[in-house]
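Report on the structure given below.
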Amino acid sequence: MGTQLPIILQAKKIKKAFYQPVEVEVLKEINLTVCAGDTVAIMGRSGEGKSTLLQILGTLDNPTSGNLEIDGAPVTAFNKSMLRNKKFGFIFQSFHLLEDYTAIENVLMPARIGRQPAQKGTVVHERACNLLKEVGLHKRLHFNTKLLSGGEKQRVSIARALCNDPDIILADEPSGNLDRQTAKDIHELLLRFVGQFNKTLIVVTHDIELAKLCKYQYRMMDGKLELITRP
Amino acid sequence: MFELSVACKYLIPHRRQLSVSIISLVSMLVIGLVVWLILVFFSVKDGLENGWINKIVALTAPIRITPTDEYYKSYYYLIDSLSSNSSYKNKNIQEKLHSIATDPYDPDNDEELPASWPSPLLNEFLSLKDLVKEAYESAKYPGATVSDFETAAAHLHLTLLRKGLHSDIDPDETQVAQQYLEHSTYIGSFDDDNPTLSAMLLPPTIRDWENLKEMARQAYVTETISSELAALPSSDKRSILLKDHPKFGHGVLVPQSFKEAGVLIGDRGYVSYPSLTSSTVQEQRIPIYIAGFFDPGIMPVSSKYVLANDELISAIRNSIDSEDALMSNGISVRFAHLSDAPQIKAHILQEMEKRKITSYWHVETYREYPFAKDLIQQLQSEKNLFSIISLIIIIVACSNIISMLIILVNDKKLEIGILRSMGASSLSIATIFGLCGITMGAVGSTIGTFAALLTLRYINEIVFFMTTIQGHDLFNPLFYGSVLPSEVSMDSLLLVIAATACISLLAGVVPAIKASMLRPSAILRSE
């Protein structure tokens, strides 16, 4: 792991167990340290707990035990919302866009949740327009997201993840619902953005091609995280 | 504030969420309907009640000061019956007020005071305290007018002469049919300075005019009083009509129920009352004619209340020289706002206390009058009861919001998860659904308020339309008046708006808590 860069995310002894319908320990003492600007791929078979780990790292879920520090600060019940808004950008397999809103409104939503002025003419609005231009959707700004294709939706999703200029992008199988060519385009776009904006990327994927593009590759097996490739 | 825009987005009907849209629309309409119903009902009810109370107050006064037994047993009152300066006659309040000598007793000429009499109440100058003048002084308050009132009881006899009652038998209508009407009445004084009383007068009809002309013709009066009556709607001093006319006697104003019984302006008759002589009781008669009608409202004794000039009342009172007649004598205190009554009463009592005359006077506001107390209490209890019922109806109407919002929360689970993943706090999520509840309540009550304002504006047209369809009066005009009140009741408006806002907010709380408790990881994983 790079030592010259500051640690942006540190997970210590993360455990997660589900108790319904029977007790299953999905994560067993996971330790993970990610430095700023790192790209990390987590692979593994379905049901191994990759997405659960990503949600815990993104503060969407609570670990049964263990500690998580983001940018040196421990995650508590009180700073979770703020962390999700300021430090993380999420990209989901099913895109998870707000369907009653246009592309630009979707991209602006994290800024509005963060109480930033997001009307036309503001810096935030301009940034959102630029992001959509960068992902190739400058002609779809005011399109309702229902009308967009899968690839376009994921591009909007990537632009949205970057709206608040977060430190860490968490992607959960970002190309899982896309065809091979579109998936490739999305991978390139994602990695280009991460490099261009100097973000940290943690991606959960089955796609070896995407994993290969990342600096670190981990495999989840039996609830444990195993580093399989070092740069 | 993104919460408000998200809440509005949720409430705008979409084809995708048809069930939620229909339920929210129905909920808002139900709230609107309830608000409309309550506002119209309370506005009309308040308007009617205020009208009734105003009429009760117009016939009496917002505050009355009446003498107590102590007053009638006092040296101050009794002394007139023993003094030659007072012609050995008890004085009423007006006479007491205008009498120059407070103590008319002359120890040299008048007979000796009975031993059982109370000793005179003296002031700081050791002369007899003038209880009436002191009471008048106590009753003085900025903006209030103080005057005396007197009510007498007498029998009213009217002779109704009508032409054309037998026109089927007598086509030339030469025959005049005669009818009689007798009524025991209370005769009160007509006070020109009381604007509400003047407003209660009903305008004369064409039949009244014709009857008046007929009265003049029969009495061979060339200078008819119709010219005076013609000035009725514009005259400031209506009591001119009630003065003693050499041909017709005193003019009296009778309640609307007489009009319903077929009495017309210009009908003549007399009032009779018993007069005590040394050995027997004689019936005395004073000729009167009907000079007009007034709408007395719903006061229990209103159908018996007749208004006349002070001379007529004095004539009756003087003939019955007893305490009973004087018991209906007192001081009226009139002022513009009825709501000031308790405050003015307290002021009067305080002033009387200072003058040490409290035991001689009984101060009552219109809410305490024996003849109006039950009615006013009943109106108040009805109002309280209806307020509770309205509150329950609003709760039932707003409970729709709970079910609608719970369905909405289930529908929007994924969006809640997405918003949470973008950093929306659970408080923000709760706020979104709370705002949905408040918005529904606000939209519903706005619809209802506008509908109520529109209904009240055209209420009399609506009643007329309904009456035409039904073929009979929707509301009894004798009881409710010829037109229904159409002014919106601000109290009810405030009550309804505040209750709807509170209850819709409370209705939004349960779904809002449910929404905020949803775990984003569980939602996003399941989707």
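Note on naming: letters A, B, ... go to the chains in the order of the sequence lines (proteins, then strands), and numbering restarts at 1 for each one.
Using cut-offs of 30° and 60° for the angle between ring planes, the A:Phe92 and A:His96 rings count as tilted. Note on ring orientation: taking the six-membered ring where Trp is involved, the planes of B:Phe42 and B:Phe386 are perpendicular (angle over 60°, cut-offs 30° and 60°).
Under a 4.0 Å N-O distance rule, the pair B:Lys383/B:Glu49 does not qualify as a salt bridge.
With a threshold of 4.5 angstrom between heavy atoms, A:Phe78 does not approach chain B through any atom at all. For A:Glu105, the part lying under 4.5 angstrom from a heavy atom of chain B is the side chain only. At a 4.5 Å heavy-atom cutoff, B:Ile12 makes no contact with chain A through either its backbone or its side chain. Only the side chain of B:Ser428 has a heavy atom closer than 4.5 Å to any heavy atom of chain A. Proximity to chain A (any heavy atom under 4.5 Å) is restricted, for B:Arg519, to the side chain, taken from C-beta onward. Contact annotation for A:Phe88: neither backbone nor side-chain heavy atoms come within less than 4.5 Å of a heavy atom of chain B. With a 4.5 angstrom heavy-atom cutoff, A:Leu83 does not touch chain B via any of its atoms.
Within the 4.5 Å cutoff, no side-chain heavy atoms of A:Glu152 are placed close to those of A:Phe143.
Of the candidates A:Lys199, A:Lys87, A:Lys86, A:Lys199 is the only one forming a salt bridge (Lys or Arg N to Asp or Glu O under 4.0 Å) with A:Asp165.
Interface remark: of the candidates B:Ser421, B:Ser5, B:Gly417, B:Ala424, B:Ser421 forms the most heavy-atom pairs closer than 4.5 Å to chain A.
Residues B:Asp46 and B:Ser492 come closest through the heavy atom pair OD2-OG, 3.7 Å.
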